[in-house]
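None of the values given here were measured: they were computed from a predicted structure.
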Amino acid sequence: MSWSHLVRKSILIALGFSFVLPRAAEAMGEDIIRNYVSRQVAVPLIKPSWGNFIIHTEPLNKLYSLRSYSAIWVDDNGKPNVMFDSLKAVFMAADRQGLDASDYWDSELQSLYDKVQRNNQNWITFELASSEALVRYVSHLSTGRFDPELVDSDIKYKKRNFSEFNELAAAVANGPVSLQVNLDQLAPLHERYQSLVQGLAQLRSIKAQGGWSTTASPGFALKLGVKDPVIVQLRNRLNQMGYAVSMVGGENFDAEFEKVLIQYQAANGLMADGIIGTRSEVLRSLNYNVHQRISRIEVTMEKLRWLPRVLESRHIMVNLATTEFRLWDEGKQVFYFKTINGQPFRRTPSMRDAITFVNLNPTWTVPHSIAIRDKIPALRKDSQYLEKNNMVLLDASTDERVDSSLIDWSRASARNFPYYIRQMPGPDNALGVVKFPLQNPWAIYMHDTNEKQLFADGKRHRSSGCVRLEQPLELAAYLLQDQPGWDINTIRNFVPMSAYDRRVVETERRVNLKKAMPVYFVYLTAEKNADGRIRFVEDVYGQDYRLQKALENKRNGNETF
């Protein structure tokens, strides 16, 4: 907690004792609340020798101004009312939304509650502290607890401030009975988040029943035809995860068990070979305890709160963790296919962006870092590397072509490389035959690839940061469907389809979209499938680990934003 936030909390607590208040009935007047929240008020705190403090009241003023500055949590006698009972119930059930109740109902609010019960002259401090806790709760619920860019260097989302004060005031005005339901509407409303709320409830139910046991390897590979008692345990465990498999087979690794195992492997990012080895990633995946899985869902929900509360009806979402692409239009999933994303040491950033045009037959200007790390070593081994890969060397200052045979590649380095490398259009281009530029400053975009065989791999974190697409031509045709002359057949005729396509490649063509397509790169290691089963993939980037540490170690005190 920052010192400024600690100071604000201390001042708010001191408010109730800094003035001699009138009788409670008179104290309920709106002027008292207005006096505290409608401006910044300097109030001494035990008169420290080094100055006064400032109460930052902007969010409270936004709430109370919509209520004509009337009290919310106390009755005419200055005592906690039924609205506060409902508020406390909301706080105590914060774990439903993957939040921590102690961030809202803490020892200080409990102390203020006890004090106002004994002496109603403390009502104003209790009133404002309760509202501050409410604003903190809805802010965390709607926009997340942390500034995303401070969590990890590859997270590029901008922190959103809570701004739905009209909805918050309406939720409060509707009374205590519906407070929980109405506040829930301030959480992300898209299906990805809401499905995890349900999944979290399921896991908490399993935890309440004792969780699940771990399964040890028998010391040899389990595959079709093998018989072992551990298979009975695995049948139970798969059923518990929602993968229905009959118990009739017992200890036998039969065809039905193999089929369900392959389904589990494929859904959870594992090698889908129907085999459980002696050091199997299948057993490691199944043996994560229920607390670890709950934590993984809570981390994922925090990330989803960084996105807009309501996603556009038409958007693209690339899950960097599962290496999958989805496109929704009018709420319907139009595309689902595989992607290849950045390697763990060249991570694709999490961010929101947009496609505004498509490049057909693109050239590829090799990023300087890749030229230094990859291309110079290749040229040292083979001076004809550029010619063999349809590349040219250009002077960085003049953009003129340079004869690469004149360069002493053994001496080339980051310090003395005033050139850049460009790969010309063609089927062997690293970007393939279509590129989907984005607007970010990090040169991250989506594109086709000349290494299509990589999509068959179960592990697809193989790129240098950009996102390679399994169905780029189909996507291009869909994005350009309202542009005359660019249907799928026209696009296929315009671009070379393979290395055996000997047509003269036309120059790069830019085709603008009539309407920008929002794009989300997200890193979600937990999600609910369309079939209702929760799946988990490994934290290849380590992003979940870093965020989990932040969630465990940070206590937000009375910070509102």
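- Residue pairs meeting the ring-ring contact (aromatic ring centres under 6.0 Å, His included) criterion with at least one partner in residues 336-365, sequence neighbours excluded, are Phe325-Phe337.
- Of the N and O atoms on the side chains of Arg237 and Asn239, not one donor lies less than 3.5 Å from an acceptor on the other residue.
- A distance-only check finds no donor-acceptor pair linking the side chain of His461 to the backbone of Tyr541 [under 3.5 Å].
- Between the side chains of Thr143 and Arg160, no donor N or O sits under 3.5 Å from an acceptor N or O.
- Using a distance-only test at 3.5 Å, with no hydrogens or angles considered, no donor-acceptor pair links the side chain of Lys528 to the main chain of Arg533.
- Counting heavy atoms from C-beta outward, Asp100 and Asp95 have side chains that stay 4.5 Å or more apart.
- Between Ser178 and Asn182, the side chains place a donor N or O and an acceptor N or O closer than 3.5 Å (distance only, hydrogens not considered).
- For Gln343, the side-chain hydrogen bond (donor to acceptor under 3.5 Å, both in side chains) criterion is met by no residue, not counting sequence neighbours.
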Step by step, would you call Gln209 with Ser205 a side chain to side chain donor-acceptor pair (under 3.5 Å)?
-> CA-CA 6 Å; Gln209 298 170 29; Ser205 176; 3.3 Å; yes

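- Note: Asn341 CG to Ser463 OG = 6.0 Å, rounded to the nearest 0.5 Å.
- A cation-pi contact, defined as under 6.0 Å to the ring centre and within 45° of the axis, is absent between Arg136 and Tyr104.
- Note on ring orientation: taking the six-membered ring where Trp is involved, the planes of Tyr113 and Phe84 are parallel (angle under 30°, cut-offs 30° and 60°).
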Walk me through it: do Phe436 and Tyr445 pass the test ring-ring contact (aromatic ring centres under 6.0 Å, His included)?
-> CA-CA 6 Å; Phe436 303 90; Tyr445 44 83; 10.0 Å; no

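- The pair Arg293-Glu298 does not meet the salt-bridge criterion, since no charged nitrogen lies less than 4.0 angstrom from a carboxylate oxygen.
- Contact annotation: the side chain of Leu454 approaches that of Arg468 to within less than 4.5 Å [non-hydrogen atoms, C-beta and beyond].
- Looking only at atom types and distance, the side chain of Thr525 has a donor-acceptor partner in the side chain of Arg296 under 3.5 Å away.
- Of the residues Met351, Glu149, Gln543, the one that meets the side chain to side chain contact (heavy atoms under 4.5 Å, CB included) test with Ile155 is Gln543.
- Within the 4.5 Å cutoff, no side-chain heavy atoms of Thr449 are placed close to those of Leu431.
- Looking at Asp448, its side chain does come within 3.5 Å of a backbone N or O of Val433 through a donor-acceptor pair.
- Side-chain contact, Tyr137 with Glu132: no donor N or O sits under 3.5 Å from an acceptor N or O.
- Using a 3.5 Å distance cut-off with no hydrogens or angles, the side chains of Glu312 and Tyr520 do pair a donor with an acceptor.
- In this structure, Ser285 contributes its side chain and Glu281 its backbone to no donor-acceptor pair below 3.5 Å.
- When all heavy atoms of Ile33 and Ser70 are compared, the closest pair comes out as CD1-C, 3.9 Å.
- Note that CD of Glu127 and CD1 of Ile72 are 5.5 Å apart. Values are rounded to the nearest 0.5 Å.
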Going through the checks in order, is the side-chain contact (heavy atoms from CB on, under 4.5 Å) test met by Arg509 and Val358?
-> CA-CA 8 Å; Arg509 177 74 65 88; Val358 174; over 6 Å; no

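- No donor-acceptor distance shorter than 3.5 angstrom exists from the side chain of Asp106 to the backbone of Ser102, with no hydrogens or angles considered.
- Under the 3.5 Å distance criterion, with hydrogens and angles disregarded, a donor-acceptor pair is assigned to the side chains of Thr356 and Gln439.
- The pair Glu324-Arg326 meets the salt-bridge criterion, with a side-chain N (NZ, NE, NH1 or NH2) lying under 4.0 Å from an Asp/Glu carboxylate O.
- Side-chain atoms of Ile355 and Leu479, non-hydrogen and from C-beta on, do get closer than 4.5 Å to each other.
- Between the side chains of Glu508 and Asn359, at least one donor-acceptor pair of N or O atoms lies under 3.5 Å.
- Judged as a ring-ring contact (aromatic ring centres under 6.0 Å, His included), and not counting sequence neighbours, the contacts of Phe335 are Tyr478.
- Residue Met83 places its CE atom among more than 12 non-hydrogen atoms of other residues, nucleotides or ligands, all under 6.0 Å distant.
- In plain terms, the two heavy atoms of Val467 and Leu320 that are nearest each other are CG2-CD2, 4.5 Å.
- When all heavy atoms are compared, the tightest approach of Glu164 to Ser142 is OE1-OG, 4.0 Å.
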Give the intermediate values and the outcome of side chain to side chain donor-acceptor pair (under 3.5 Å) for residues Asn61 and Tyr69.
-> CA-CA 8 Å; Asn61 187 49; Tyr69 298 96; 2.7 Å; yes

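- Here Asp152 contributes atom CG and Lys156 contributes atom NZ; the two are 9.0 Å apart, rounded to the nearest 0.5 Å.
- Ring orientation note: the planes of His315 and Trp328 are close to parallel, at an angle under 30° on the 30°/60° scale.
- In terms of heavy-atom proximity, Phe165 sits nearest to Leu63 at CD2-N, 4.0 Å.
- The structure places CZ of Phe126 at 8.0 Å from CG of Leu112, a figure rounded to the nearest 0.5 Å.
- Under the rule for a side-chain contact (heavy atoms from CB on, under 4.5 Å), the partners of Ile206 that lie at least two apart in sequence or sit in another chain are Leu203, Trp212, Gln240, Val290.
- A distance of 8.5 Å separates CG of Leu66 from CG of Leu168, quoted to the nearest 0.5 Å.
- Under the side-chain hydrogen bond (donor to acceptor under 3.5 Å, both in side chains) criterion, Lys207 pairs with no residue at all, not counting sequence neighbours.
- Put simply, CD on Glu470 and CG on Leu475 are 12.5 Å apart, with the number rounded to the nearest 0.5 Å.
- Side-chain contact, Tyr193 with Arg305: a donor N or O sits under 3.5 Å from an acceptor N or O.
- Residues Val522 and Met317 form a side-chain contact, since some pair of their non-hydrogen atoms from C-beta on lies under 4.5 Å apart.
- Looking at Lys62 and Phe162, their side chains never come closer than 4.5 Å, going by heavy atoms from C-beta outward.
- Between Trp73 and Ser130, the shortest heavy-atom contact is CD1-CB, 3.5 Å.
- Residues satisfying the side-chain hydrogen bond (donor to acceptor under 3.5 Å, both in side chains) test with Gln198, not counting sequence neighbours, are none.
- Ser350 and Tyr157 share no side-chain donor-acceptor pair at under 3.5 Å.
- Side chain of Thr348 to backbone of Gly342: a donor-acceptor contact under 3.5 angstrom is found.
- Residues Arg535 and Asn529 have side chains that bring a donor and an acceptor to within less than 3.5 angstrom of each other.
- Ion pair Arg192/Glu527 flagged as a salt bridge, since at least one NZ, NE, NH1 or NH2 atom sits closer than 4.0 Å to an Asp/Glu carboxylate oxygen.
- Scanning both residues, Val537 and Gly269, for their nearest heavy atoms gives CG1-N, 4.0 Å.
- With a 4.5 Å cut-off on side-chain heavy atoms, Asp457 and Arg462 count as touching.
- For the residue pair Asp184/Gln97, the side-chain donor-acceptor check at 3.5 Å is satisfied.
- Side-chain contact check for Tyr523 and Asp539: at least one donor-acceptor pair (N or O, by modelled atom type) lies under 3.5 Å.
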